[in-house]
There are 2 protein chains.
Amino acid sequence: MKKLPDSAYNPILKLDNQLCFSVYALSRLITKAYQPLLESLDVTYPQYLVLLLLWEHKELTVKQLGENLLLDSGTLTPLLKRMEQHQWLSRRRDARDERSVLVALAPAGRALQAQAAQIPMQLAEKMQLTEPEIAGLRTQLRQIMTLLS
Amino acid sequence: MKKLPDSAYNPILKLDNQLCFSVYALSRLITKAYQPLLESLDVTYPQYLVLLLLWEHKELTVKQLGENLLLDSGTLTPLLKRMEQHQWLSRRRDARDERSVLVALAPAGRALQAQAAQIPMQLAEKMQLTEPEIAGLRTQLRQIMTLLS
DNA sequence: AATAATTTAATTGTGCACAATTAAAACTTA
DNA sequence: TAAGTTTTAATTGTGCACAATTAAATTATT
């Protein structure tokens, strides 16, 4: 009797069957879908996420940015330095707690907000999802995130 | 009348409301959830994905790996070189088409399969999802992927 | 067959992402 | 207050991820 490949016995080991791979691949596809929209602003997707937070809060510490984005200073420090060079934001030590660094939106960063206003809608169109579908999916993903962290 | 922040007018610009951020953040959380399970095999998550394919197909070209993983040679070539150094796989030009590089599972790579057999189940436990929930979610994500590519 | 166009990997350069370490500041506690 | 602990960023080093370019091999077209 001929032996089947292990993957025939273990369909769970097949790439196609893995939810995790779908999340990983979709995440990269989404970043690529953003890219042409972000290109005219000259920002990357992670930089855009920082801007979303600063547009909302104006000033945050590196720690607060990291808590929101689930990123540490090893990622954020060089990213924020690049954004500072573009004068989209400023970085300075908090006088009340010299351990912290305050990241504040600069005028050039504020100016990008109007240009970015249409981006979420354009992405939603690309994904062809209705608002309730988006909300439902987001809730499911958030729940998994809670369980994993 | 006091002006509200733009994010109050534009809730769609709020990070918390964005499905795309959830996918991005979940993808990184998943990679971190795999990490302790992959550590004893000394493989990274992308390397594990390559192994999944080679366990199933034994030999694939760089192009075929890229089609399955949605990665190009710029990512795969150095990654495969590192895996070759561990002797998990071999790389050689295809004699019938010298443009292609054949990537074949090596004995040390095959040996990792048994050690990895429990990993998908352990992940599923961490995520606390039932098989139908996983299948449903995967289908939804695949559909978005189709629309984005 | 000669030329042109396409395909396939590799290379180069930039920017995350993250583990581990370091250093300074702030806080806790003896 | 002095010593020890914790918190916060920065730094260092490794490994993706990807755009753009290069080079070789193949295929298509004249």
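Sequence lines set the chain letters: A, B, ... in the order given, protein chains first and strands last, and positions in each chain run from 1. Excluded from the calculations below are hydrogen atoms, water molecules and symmetry mates; all remaining heavy atoms, backbone and side chain alike, are included.
Looking at which nucleotide of DNA chain C each of T31(B) and D97(A) is closest to, the 5′-most match is held by T31(B). Both D72(A) and D72(B) lie near DNA chain D, and the one whose nearest nucleotide falls closer to the 5' end is D72(A). Comparing L29(B) and S73(B) against DNA chain C, the residue whose closest nucleotide sits nearer the 5' end is S73(B). Mapping E98(B) and Y45(B) onto DNA chain D by nearest heavy atom places Y45(B) closer to the 5' end of the strand.
A salt bridge is defined here as a Lys NZ or Arg NE, NH1 or NH2 lying under 4.0 Å from an Asp or Glu carboxylate O, and R93(B) with E98(B) fails to meet this definition. Remark: R92(B) engages E59(B) in a salt bridge, criterion side-chain N to carboxylate O under 4.0 Å.
Counted by atom type alone, E133(B) and T130(B) present one or more donor-acceptor pairs between their side chains at under 3.5 Å.
With a heavy-atom cut-off of 4.0 Å to chain A, the contacted part of DNA chain C has its first and last nucleotide at dG15(C) to dA26(C).
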task: Please step through side-chain contact (heavy atoms from CB on, under 4.5 Å) for the pair L80(A) and R82(A), ending with a clear verdict.
output: CA-CA 5 Å; L80(A) 294 171; R82(A) 282 187 286 271; over 6 Å; no
Show me the donor-acceptor pairs, under 3.5 Å and distance only, between side chains in residues 36-50 of chain A and residues at least two apart or in other chains.
residue: D42(A); atom: OD2; partner: H86(A); partner atom: NE2; Å: 3.4
residue: T44(A); atom: OG1; partner: Q47(A); partner atom: N; Å: 3.3
residue: Q47(A); atom: OE1; partner: T44(A); partner atom: N; Å: 3.2

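When the C1' atom of dT7(D) is taken as reference, atom CD of Q64(A) falls 14 Å away, rounded to whole Å. If you take NZ of K63(A) and P of dT7(D), they are 8 Å apart, rounded to a whole angstrom.
Within 4.0 Å of T75(B), counting heavy atoms only, lies at least one base atom of the nucleic acid. No contact: L76(A) has no heavy atom under 4.0 Å from any strand. Residue Q35(B) is classed as having no contact, given no heavy-atom separation below 4.0 Å to the nucleic acid.
Under the ring pair (Phe, Tyr, Trp, His ring centres under 6.0 Å) criterion, no residue pair touches residues 89-141 of chain A, with sequence neighbours excluded.
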